[in-house]
Amino acid sequence: MRQVDLTIEICGSSGDGTLAVGEILVNTLSDLGYRALSFDVYPAEIRGFGKCVAHCRVSDKPVYSVGRSVDALVSLNDPYSIEQLATLKPGGVVLFDSWPLREVSEESCVAGRLGPGMYLYGVPFGELSQRSTHGARSRNLVALGAIAGLFDIDAEAFEAGLDRKFGGKKGNVAQTVKAAFRAGHDYVKEKLLKVDPVSFAVKEELEKKDFQIMNGNQAAARGAIEAGCRFYAGYPITPATKIMEILSAKLPPLGGRVVQAEDEISAIGMVTGAAMMGTRAMTATSGPGVCLMTEFIGYNVMTENPVVIVDSQRGGPATGLPTKTEQSDLLLALFSGNGDAPRIVVAPTSVEECHYWTSEAFYLAEKYQTPVILLMDLFLSTCKTNAVLSELDKAKLSANKSPSPGEEGVGRFKVTEDGVSPRALPGTPGFEWTVSGLEQNELDSPSYYANVHTEMTEKRARKLMTALQNDVPRPERFGAKGKVKLGVMGWGSTMGAVIEAVERANEAGLSAAALKQVVLNPLHVEDIEKFVDDCEKILVPELNYSGQFARWLSMHVNKPIHGLNMVKCSPLTYLDVLEEIERLITETS
Amino acid sequence: MRQVDLTIEICGSSGDGTLAVGEILVNTLSDLGYRALSFDVYPAEIRGFGKCVAHCRVSDKPVYSVGRSVDALVSLNDPYSIEQLATLKPGGVVLFDSWPLREVSEESCVAGRLGPGMYLYGVPFGELSQRSTHGARSRNLVALGAIAGLFDIDAEAFEAGLDRKFGGKKGNVAQTVKAAFRAGHDYVKEKLLKVDPVSFAVKEELEKKDFQIMNGNQAAARGAIEAGCRFYAGYPITPATKIMEILSAKLPPLGGRVVQAEDEISAIGMVTGAAMMGTRAMTATSGPGVCLMTEFIGYNVMTENPVVIVDSQRGGPATGLPTKTEQSDLLLALFSGNGDAPRIVVAPTSVEECHYWTSEAFYLAEKYQTPVILLMDLFLSTCKTNAVLSELDKAKLSANKSPSPGEEGVGRFKVTEDGVSPRALPGTPGFEWTVSGLEQNELDSPSYYANVHTEMTEKRARKLMTALQNDVPRPERFGAKGKVKLGVMGWGSTMGAVIEAVERANEAGLSAAALKQVVLNPLHVEDIEKFVDDCEKILVPELNYSGQFARWLSMHVNKPIHGLNMVKCSPLTYLDVLEEIERLITETS
Amino acid sequence: MNDIKTEKVPEVFYLDEEIKAVKEKGVLDYRSKRLPVWCPGCGYFGIQTAIVGAMKDLGVKTHELVVVSGIGCTGRYPFFVRGYGIHALHGRALPVATGAKVARPDLTVLAVTGDGDCLGIGAGHLPHAARRNVDITCVLFDNGIYGLTKGQTSPTTPAAQVTNSHPYGSPDRPLKPLMTVLAAGATFVARGFAGRPKDLRVIMREAILHKGFSFVHVLSPCVTFDKVNYLYPRLEELVMPLPKRHDYADYHMAVERAMDDELFLGLFYKTEEPSFSEKLDDYAGRSG
Amino acid sequence: MNDIKTEKVPEVFYLDEEIKAVKEKGVLDYRSKRLPVWCPGCGYFGIQTAIVGAMKDLGVKTHELVVVSGIGCTGRYPFFVRGYGIHALHGRALPVATGAKVARPDLTVLAVTGDGDCLGIGAGHLPHAARRNVDITCVLFDNGIYGLTKGQTSPTTPAAQVTNSHPYGSPDRPLKPLMTVLAAGATFVARGFAGRPKDLRVIMREAILHKGFSFVHVLSPCVTFDKVNYLYPRLEELVMPLPKRHDYADYHMAVERAMDDELFLGLFYKTEEPSFSEKLDDYAGRSG
Ligand SMILES: Cc1ncc(C[n+]2csc(CCOP(=O)(O)OP(=O)(O)O)c2C)c(N)n1
Ligand SMILES: Cc1ncc(C[n+]2csc(CCOP(=O)(O)OP(=O)(O)O)c2C)c(N)n1
Ligand code: SF4
Ligand code: SF4
Ligand SMILES: [Mg+2]
Ligand SMILES: [Mg+2]
């Protein structure tokens, strides 16, 4: 059981500094040893006008999903905050600006809209900002101070954080922000009588780890760098653009190269060329970009070339909902490209795994000479958490199967037992090869013969089986052991919510278990079958309409699958899953 | 039971006129009322050098697949023909040139390679050509005459055919070809003693229908024209190029327009634009082209725009095997595009169906405002048959759901019960709309709200269910009735072989049935389930490695599926399927 | 977190007095009910004004107008126009506009596209639309940046400029859009500036009237993501009208001026050739 | 029908005397064991001879040579060369070659591409490879037709020519490849003729030596599918060397000559600018 598990939302308009409050909050809580996850919602349209929400979930244990209901809502803009009230918990807290800068009509004041049992505190953010900083722009920091004061978070930790963040700036910015913070904090301590139960206080000391605050894009970029990626080509697209922007800054000093291509076809083409030279190479995009890359995905399957492709999914189809999260590119990732074109598909389930699995993707791609598609999504790409990164295995930095001296003339596609052919890198004398999107025989010549096509098709499939045996972790089971009423299988960014839902279901006495795998192709089918045999019913929750993972699983499993399919433009919460677990188990008994 | 079912192969080198012999043979047999199917194998590489085989299967009943074993092999080139002996039936006939123009070494003479029980006839094609036409170029027509003479085909019908074909040419070409033909025919009648049983003679009179000799590409082009397609944009690619070439000639006189685009993206983009204007529009390509079109496929799903896309499949992945047939784009057709993007997928199973279903595709696309993908393949595209075309329903020529007067301002995406929104065509005053790849609400504005995205996603799925109920034929069952040991489900060009195999299995006393559906999405799941319930085992034969149709079916069916998966670079034969039927049924019992 | 389940935002109307006044002049007939979502000060407002003005001048009927765009801030344009609007895919305005025009030669078809849209991902379509001489008007909203994705290098960003995708400066020499279309054989080639909507209105009018592929390159500041290059004051200094002696019938002269680093404004080139539809009609006649 | 289950065809070697003689001269070191599958008389044989000759002249090591191509008859080229060969996708030789060169600047990278490949489906990549000044040599095998798919109109097919895809004649004005790359800022631009392999060899040598994007447009007859346009005798008449006074350092002059309907042969334009890799190195240094 968690000691603390609180969700705070700060809600304001674009100019209010809303998201900054969320950021500082998470940073400070991280310094104090809490585990936090924050996910920002910002306006979908071009100009930065509109509602911003910083959603922060905080606990003493790792957090992998957003909170379903909110414990405390901090309003910097009342009309927008009224919309947010819908997800405030019964008994939740609202902290609002009792001295806003612009007049708020009575009916659009959040104070008037509270449900029964909610706690309301008014703090004159505007006034306190004016008084403490001679300006109104620090309302957000006043609010931050109020949060610290009201919910028992160490004020000094905040001040240290503010010093770190603003200390370098010229003028006495740091002093000003701290003054605003203090004003809010002290006001709450002095003037308000706390009656609500929301508190960050913990009994057991929190373990402070080497936290790295980052989102999935940063984690993936870092994983790539650490895995020795030295070539990146890409084309901007939400929500993947940041990966390119980070690598553009970080790769050149390491001797790596980044090319902004004219489109996604060119990006994957460049990555293909670089990878053929033996350089670890990657591109990152979103669904529409993957569509344009599919011919090259098949090409890299055919030429057995190691490329890594990140697809940070967003709402679809087509241009879809560029700023909303969704998990609806799974079948695209698995089946894009003409012909039989098997590839490795990996879906990390957390920011930490974005780091680990991006790096692992390079290893798998190189070792098995295959494209690897990493399925992230807008939520993973942009949610920030204080991650504890895993150490990467240096031995995996070089995984190419070079031909032995004496093997000159071996050709590029020798049929081997494990399906992996020796691969000389250009520049090696005596091993000149030619690769092609045409089917080729062992001597690299185009071939149209049934035996060659069959043998090579088998080889391309076989090496993924080798990968499965040697390098793909077995699925991990969570929750109740043995036979259960319900088994839940999740994937990608919503896995965290699934595991949490199952754990809570178990706590509530429900017989449920979860199975997690990060590698979605190739699959450990036997383990899955075993799990499915253990479960009376199977539930697959996912953020898409057609039940894409359920469909993929149903190709391997002969039991009906219940889908929980939502296209709700926001992340899945454990409560979404828990409700469905309850429903299905109740039905059973 | 068939009165006649014979397979003849003419094998030669590119200059030998091999394929012409096949063509005349099929035309003549068609004139006589036989049903015939011919499939040419020509060199895969650029220059026309290499082996050509005209494969002709002839019967008194319709033929939908190639012959598995050959009854008679006519050699115009012995070294190549030796390779073909592998598929000659025990007891089959070889007709070879006993006076070839170039010396054939003993070991590369087909005569020396015959298996036991085969019949061999030598006819001096070269000599007879020289004698009858004062040139060697008519060896192929001599061979044709020999075929007619040896296998009891009416010589006059041939001569009438030759007159029709060559009568218009200047000089006395027709005389010359007939002389060569006659020389071969008479030589056989006079000099050879027929000992083999191969004969085209029939007891029951053959019914002469209004046969149209055509291949699938011609049939599809014709279906498009008859369905009122008036815009085509395309980019050349084997095996679909001919569709564009035919339409380039035929559409302009009908007021239609054909644009050769700069690539496939542009082709589908143009088709998209034309279709949005209300013009029935199509493109045709093969797998690599579909890859490039996938973003637009999703776009047409999102904008609910009626486009027809032909994918004539060839060996894959990537550039693959451009001149070999395969059925490996099914999952691509079903799942390409990011996000949840349902579309109609249709796989005709014969040349006749290429005609009918291309035309139907326009109707479905327009009525349900959706992309329709027609999955053909190299075999269907290029095999010739004497088809009996169905009459098209004129009522289907106009299927657009126009908004009613008074509905001005309705927007483009009104949510309706059947999922189909009223659709005004540009030029209509008062109905100006804007469509987008972004999710849109009912008033055409971009929307990022859960309720809108959910409602619209459901609508896009719902209208395909409407189509299923109103316009998708139920699956058709063949073979034994009631409960059976084995059910075989096929699709596309290999369905013919499947049905034939099942019929032959039934004749041999095996308990098997087949289920056929041409529309592969949406599927009549209940009918399929019912069929599956009737069958102890399920077999799905297809020309791909990963079992793509089996995978698709397994999403709907909870019974293990046996796949017969071949990537053999040539069409499936009923014997391939029959052997597997026998194996599976024997295993059972 | 299920915070925003339901859309209730009402459609926005132009209501204030100033706009009412404009409406009286008739150009607002060409505007949709949607308020443009562009950043305040974006050059695109000027282009919008010019295009709408030209429509009015020509009396184009809104139901006979088809506006096609790609993706980008530019791409949002059809949403703000009254007419049949097609917000196509990134880079694909020209193919879609071509299909629309060939299918319905009677409609007025506009393709609006951004510098990334037209010259980056869409670069393969531009020369072909030009050489076909499809009778559409292609307006390039060139802000020298990827706006919608928040400030990356575009094909017209000057070399060495620092952007979000090139923290050490762009290594690439920018493309010159007018050269691109002149090289491909466009029959109407002009340049305007978002800061001079009146001049642009005249150009747009001519462009729409031109029978064949007309290309209008419009320089436009992105006030949000470009702080160094296409700024209003800087552009005001850089642009200059084509010299009086410029002869738009002279292809060589047009090429010379398009090559130039000076940002000339006006009609560079214009020639009469059968449009794509005319050529296709012609062939259809021959074939009939 | 399972007629061709097993491949037994042996690899083909050049064996005849004439070729042995060539081998002595060393150029055959650059040929693979595969016999080109081009039609007898195809212009590509001449181009092949010229390229192989240039390789020999420069002493390029086969294991340090990377030849990238797209799809088409042209595309088959890497199969006939000794070196690391990449037969990429249709239209994508340039992106793949760019990636290869940026990853391994020490290797010699050649991109060979057809008129359809380079100017049709690949048209979006050409201006960008040119403006980046990637240090690769792009050889355009221009036969004015789609060869591999059996004779459809290509972007360089003259207007009104009848082809399999345009039975009533092509409606489109052809592209001028040299204009395209000059407009985009290529730093080495030349034209050769497959019928004059010796001259072409010299051009190829210079092109490979050039540090930056070098573009060589080669006119080449498709003897099988083009019976009216790029015929040997016709080309022999149409081509002519660039005038003596042509100054390849003069961009304007180069553009003038590239515009011309005359088919000039030789080096149109050459200038020295930092190559893409040099620029990236430079930025890396600054960033370090
Ligand atoms: C296939 C695809 N790739 C990338 C994107 C992301 N994207 C949207 S707009 C844009 C660039 C827009 O730049 P520009 O065309 O200059 O238009 P602007 O926003 O500057 O008006 C990009 C890269 C996309 N929507 N689709
Ligand atoms: C995506 C894709 N579209 C189409 C094709 C079919 N295709 C192969 S080569 C070719 C055209 C080749 O023409 P060109 O580039 O001029 O080369 P050539 O054969 O004339 O040398 C086409 C359309 C393909 N392989 N891939
Ligand atoms: S981001 Fe730039 S181009 Fe886009 S609307 Fe804002 S100012 Fe205009
Ligand atoms: S088809 Fe034309 S281009 Fe291709 S190899 Fe033959 S002659 Fe050469
Ligand atoms: Mg821009
Ligand atoms: Mg060509």
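Here is the naming used below: chain letters follow the sequence lines, and residue numbers restart at 1 for every chain.
Interface summary for chain D: among A/Thr454, A/Leu438, A/Val258, the most heavy-atom pairs under 4.5 angstrom belong to A/Leu438. Interface summary for chain D: among A/Tyr299, A/Phe231, A/Phe296, the most heavy-atom pairs under 4.5 angstrom belong to A/Tyr299. Taking chain A as the reference chain and counting heavy-atom pairs below 4.5 Å, the highest number among D/Gly75, D/Ala88, D/Gly91, D/Gly124 is found for D/Ala88. Looking only at heavy-atom pairs under 4.5 Å with chain D, the residue among A/Lys250, A/Arg412, A/Met270 that has the most is A/Met270. Ranking A/Ala274, A/Gly437, A/Pro426 against chain D, the residue ahead of the rest is A/Pro426, based on heavy-atom pairs under 4.5 Å. Interface summary for chain A: among D/Pro78, D/Pro95, D/Ala103, the most heavy-atom pairs under 4.5 angstrom belong to D/Pro95.
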Margin query: Between A/Glu439 and A/Arg460, is the salt bridge (charged side-chain N to carboxylate O under 4.0 Å, His left out) condition met? List the steps.
Written below: CA-CA 12 Å; A/Glu439 188 64 283; A/Arg460 290 188 290 265; 2.9 Å; yes
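By the 4.0 Å N-to-carboxylate-O rule, D/Arg132 lies close enough to A/Glu262 to be salt-bridged with it. A/Glu304 has a carboxylate O that lies under 4.0 Å from a charged side-chain N of A/Lys463, or vice versa, which qualifies the two as a salt bridge. Salt bridge D/Asp29/D/Lys61: absent, no basic N to carboxylate O contact under 4.0 Å.
Residue D/Asp106 does not touch chain A at all, counting heavy-atom pairs closer than 4.5 Å. Neither the backbone nor the side chain of A/Val271 has a heavy atom closer than 4.5 Å to any heavy atom of chain D. Residue contact with chain A, scored on non-hydrogen atoms closer than 4.5 Å, involves the side chain of D/Leu107 exclusively. For a residue to count as touching a neighbouring chain, one of its non-hydrogen atoms must lie under 4.5 Å from one of that chain's; by this rule A/Gln440 touches chain D with the side chain only. For A/Thr434, the parts lying near chain D are the backbone and the side chain together; criterion is any non-hydrogen pair under 4.5 Å. Of the atoms belonging to A/Asp263, it is side-chain heavy atoms, and not backbone ones, that fall under 4.5 Å from chain D.
Atom OG1 of A/Thr272 and atom CZ of D/Arg92 lie 11.5 Å apart (nearest 0.5 Å).
Ring-plane geometry between D/Trp38 and D/Phe141 is classed as tilted, the angle between the planes lying from 30 to 60 degrees on a 0 to 90 degree scale. Note on ring orientation: taking the six-membered ring where Trp is involved, the planes of A/Trp433 and D/Tyr84 are perpendicular (angle over 60°, cut-offs 30° and 60°).
One N or O on the side chain of A/Thr283 and one on the backbone of A/Ala233 form a donor-acceptor pair closer than 3.5 Å.
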